[in-house]
2 protein chains.
Amino acid sequence: MAEVADGPARVVLTASVARRYYLDGRSKVEIAEEFGLSRFKVARLLDAARASGLVRIEIRHQGEIDVDLSARLQDRFGLQHSVVVDTPDDDADSLRGHLGRAAARLLAEIITPQDVLGLAWARAVSAMARALPPLPGTPVVQLTGALSLPDGPGTSVDVVREVASASGGAAHVFYAPFTVPDAATARALRGQPEVARAFAQLPLVTKAVAGVGLWKPGQSTLYDALSEDDRTALHRLGVCADVSGVFLSADGEAITTELSERMIGIDAEQMRAIPEVVVIPYGASKSPAVRAALRSGLVDGIVTHTALAHAVLEE
Amino acid sequence: MAEVADGPARVVLTASVARRYYLDGRSKVEIAEEFGLSRFKVARLLDAARASGLVRIEIRHQGEIDVDLSARLQDRFGLQHSVVVDTPDDDADSLRGHLGRAAARLLAEIITPQDVLGLAWARAVSAMARALPPLPGTPVVQLTGALSLPDGPGTSVDVVREVASASGGAAHVFYAPFTVPDAATARALRGQPEVARAFAQLPLVTKAVAGVGLWKPGQSTLYDALSEDDRTALHRLGVCADVSGVFLSADGEAITTELSERMIGIDAEQMRAIPEVVVIPYGASKSPAVRAALRSGLVDGIVTHTALAHAVLEE
DNA sequence: ACCGTGCTCGCTCATATGAGCAGAGGCAGT
DNA sequence: ACTGCCTCTGCTCATATGAGCGAGCACGGT
């Protein structure tokens with residue numbers, strides 16, 4: 001990287017050539033003619049200019065997206081889309097707001113009129129829904145039952161209806177809780193026409209948005225909603241993360257549990273069948289869960305913030 | 001120059017593509033295959049990346065040479081070589097030292113064993129000579145007679161001998177003053193074998209170094225050495241600059257004066273015949289003289305400092 | 001519904017470009 | 001001087017690249 005160790009005439013010539021090439025966009029042949037050199041000489045001067053650091057190329061985005069981290073996440077986990085928002089936010093609420101807006105922009109960008117949108121319930125998904133511009137007649141499908149959250153801004157049903165009505169598309173919703181006390185009740189609920197109709201739409205979903213929880217207190221809405229018995233039972237089975245009700249081990253294997261029988265929502269196989277599932281995790285402590293989700297192969301896109309992205313990439 | 005106004009997915013894609021192209025040096029075809037795009041799409045993304053400022057290319061030299069100013073001077077006046085030293089120096093002595101070293105490096109770079117070097121007398125030329133590494137057997141020719149300068153570091157003769165002995169080349173010198181009181185004396189001196197022999201070498205000179213004076217008190221060693229009558233006479237003739245004894249009007253026309261008959265040194269025509277004449281002017285106030293010199297067509301190269309270069313370029 | 005209008009995309013073909021090679025000096029060691 | 005080694009240069013030829021074109025598509029006006 002040492003500066004050109006040549007004489008001043010060569011330095012000036014190199015700089016002039018580099019200017020013509022990189023800034024004025026002339027071709028090497030043109031430059032060669034202008035300076036009376038062979039085009040090979042010009043190419044070598046340009047190589048030298050870059051090798052010596054005389055020409056410096058930098059890629060940087062002055063918006064709130066950290067393109068470098070985004071690309072690294074995308075490469076590392078083979079994702080279709082990755083958006084890392086550069087925000088120092090520590091507060092969960094404003095973080096959700098930021099990520100929600102970013103996810104809304106991403107979704108608006110990648111969705112087409114042919115797409116069918118699936119929405120799981122998560123607070124970040126709610127935040128996204130609020131920031132989402134009207135989509136062109138996109139049908140919206142509810143992926144999970146409702147979790148009762150006293151201070152929540154809306155249930156899974158509300159979010160789906162909201163997005164569908166703004167888009168003018170069909171809303172495939174059902175009224176049922178996410179978890180029930182026993183498998184029989186769950187089977188009965190799934191048998192109900194409304195629920196069955198909604199579930200019948202699942203194979204048609206082409207894009208979905210979900211949240212990610214870490215299987216620890218305060219790191220997963222589902223964890224916090226379950227009984228102590230359920231929590232520890234799943235913990236013993238090696239559950240590390242939940243992606244809107246789909247349980248994963250630390251290395252991303254889907255884990256089927258007795259609890260799965262008692263839930264009304266999408267399962268791992270159905271989720272895997274969706275071409276693009278985007279998750280919106282936040283909080284650096286969730287990194288094990290995010291790693292699990294990204295390794296699972298269920299997830300194709302991510303919207304998150306720098307701190308968590310860094311944590312995920314540092315193996 | 002506004003940042004990419006597109007969605008985040010496109011921004012990230014563009015940045016990834018730009019990184020692969022500009023930093024990893026992959027071809028557009030390779031990138032297209034890697035990302036599943038057409039090579040045209042890749043080209044358009046790259047264009048957009050540059051237009052939007054996501055990719056920034058800058059050319060800058062962290063040595064003491066201002067490559068941009070150098071190139072502008074070179075372009076503007078059609079010079080073969082131009083070196084602008086970036087120094088805030090105001091002190092004439094240290095400025096001369098800097099420029100002398102830069103000129104020495106330039107000369108060492110561009111001189112070949114076939115060259116014959118001509119040296120005019122100027123303090124900056126002395127400074128250069130002191131910094132000059134041994135040249136490979138280059139003959140050195142004295143271009144001007146001696147100016148008596150009480151505190152000077154050496155006469156024109158000394159400088160030529162010094163350079164020639166370091167190079168191991170022949171020294172073509174003569175002992176004569178630069179100006180004499182009348183034309184007859186000058187003719188007599190020119191007729192002397194020693195002087196005639198030196199002058200016979202002039203057509204062989206291929207590279208020469210000279211100084212530039214502005215025709216005002218304290219801005220030209222020659223001006224300061226002349227009588228009041230000569231000064232004003234030349235001033236009335238429109239003399240603006242002297243290039244080691246060759247007088248120029250403000251727009252660079254060579255001016256022949258009665259004084260020319262009384263000088264022992266190179267004339268305009270002989271100087272024009274030298275393929276490469278390099279001057280080493282300094283001091284921002286000299287800019288009219290430098291402009292005249294550069295416009296005259298007598299001068300092919302320049303070594304100077306930023307302040308003067310700026311002054312010269314500002315019309 | 002119908003037709004421009006403007007946009008994006010990927011094609012063709014002429015041109016620009018890079019990899020690798022061979023010849024021409026320069027240099028140090030016999 | 002000769003030799004081998006090294007660097008620098010410009011060549012050939014396969015490949016990459018850009019300019020310009022027309023097809024496809026969304027949008028907005030009548």
Side-chain angles (χ1 to χ4, degrees), chain A residues 2 4-14 16-52 54-55 57 107-115 133-138 167-169, chain B residues 2 4-14 16-52 54-55 57 108-115 133-138 167-169 206:
Chain A
V4 189
D6 285 305
R10 190 180 157 95
V11 170
V12 172
L13 175 64
T14 305
S16 302
V17 166
R19 154 176 291 280
R20 276 263 181 282
Y21 185 76
Y22 284 111
L23 303 185
D24 301 348
R26 308 322 212 83
S27 87
K28 296 179 185 180
V29 173
E30 275 182 304
I31 297 167
E33 279 162 7
E34 176 179 347
F35 287 85
L37 307 168
S38 79
R39 67 188 184 83
F40 306 97
K41 180 85 180 169
V42 171
R44 286 185 190 108
L45 284 176
L46 288 171
D47 286 347
R50 289 193 54 176
S52 70
L54 197 134
V55 168
I57 301 181
L107 193 59
E109 184 186 4
I110 66 175
I111 210 159
T112 70
Q114 288 73 46
D115 277 320
L135 305 172
T138 305
S167 308
Chain B
V4 188
D6 284 305
R10 191 180 155 94
V11 171
V12 172
L13 176 65
T14 305
S16 302
V17 166
R19 155 176 290 281
R20 277 262 182 282
Y21 186 75
Y22 285 111
L23 303 185
D24 301 349
R26 308 322 211 84
S27 87
K28 296 181 185 178
V29 173
E30 275 181 303
I31 296 168
E33 279 162 8
E34 175 179 349
F35 287 85
L37 306 167
S38 79
R39 66 188 186 84
F40 306 97
K41 181 80 180 173
V42 171
R44 285 186 192 106
L45 284 176
L46 288 171
D47 285 348
R50 290 191 53 175
S52 71
L54 197 135
V55 167
I57 301 181
E109 186 186 2
I110 65 176
I111 210 160
T112 69
Q114 288 72 46
D115 277 318
L135 304 172
T138 304
S167 306
T206 54

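First the proteins, then the strands, lettered A, B, ... as listed; each starts at 1.
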Please report, rounded to the nearest Å, how far the [atom2] atom of [N] is from the [atom1] atom of [X].
X: A/E109; N: C/dT8; atom1: CD; atom2: P; result: 14 Å
X: A/E30; N: D/dT17; atom1: CD; atom2: P; result: 18 Å
X: B/D47; N: C/dG10; atom1: CG; atom2: P; result: 15 Å
X: B/R39; N: C/dT15; atom1: CZ; atom2: P; result: 16 Å
X: A/L37; N: C/dA16; atom1: CG; atom2: C1'; result: 17 Å

Phosphate-side-chain proximity, [X] and [N], N/O vs OP1/OP2 below 4.0 Å:
X: A/K41; N: D/dT9; answer: yes
X: A/S27; N: C/dT17; answer: yes
X: B/K28; N: D/dG18; answer: yes

Distance check, rounded to the nearest 0.5 Å: B/R10 atom CZ versus B/L13 atom CG? 8.0 Å
Approximate separation, where rounding is to 0.5 Å, of B/R39 CZ and B/L46 CG: 12.5 Å
Run the side-chain contact (heavy atoms from CB on, under 4.5 Å) check on A/L54 and A/V11 step by step: do they pass? CA-CA 9 Å; A/L54 197 134; A/V11 170; 4.2 Å; yes
Closer to the 5' end of DNA chain C via nearest nucleotide, is it B/F40 or A/Y21? B/F40
On DNA chain D, check which nucleotide each of A/P113 and B/A43 is closest to and give me the residue with the more 5' one. B/A43
5' precedence on DNA chain D between B/R26 and A/R44 (nearest-nucleotide basis): A/R44
Verify the distance criterion only: is there a donor paired with an acceptor across the side chains of B/D115 and B/T206 at less than 3.5 Å? yes
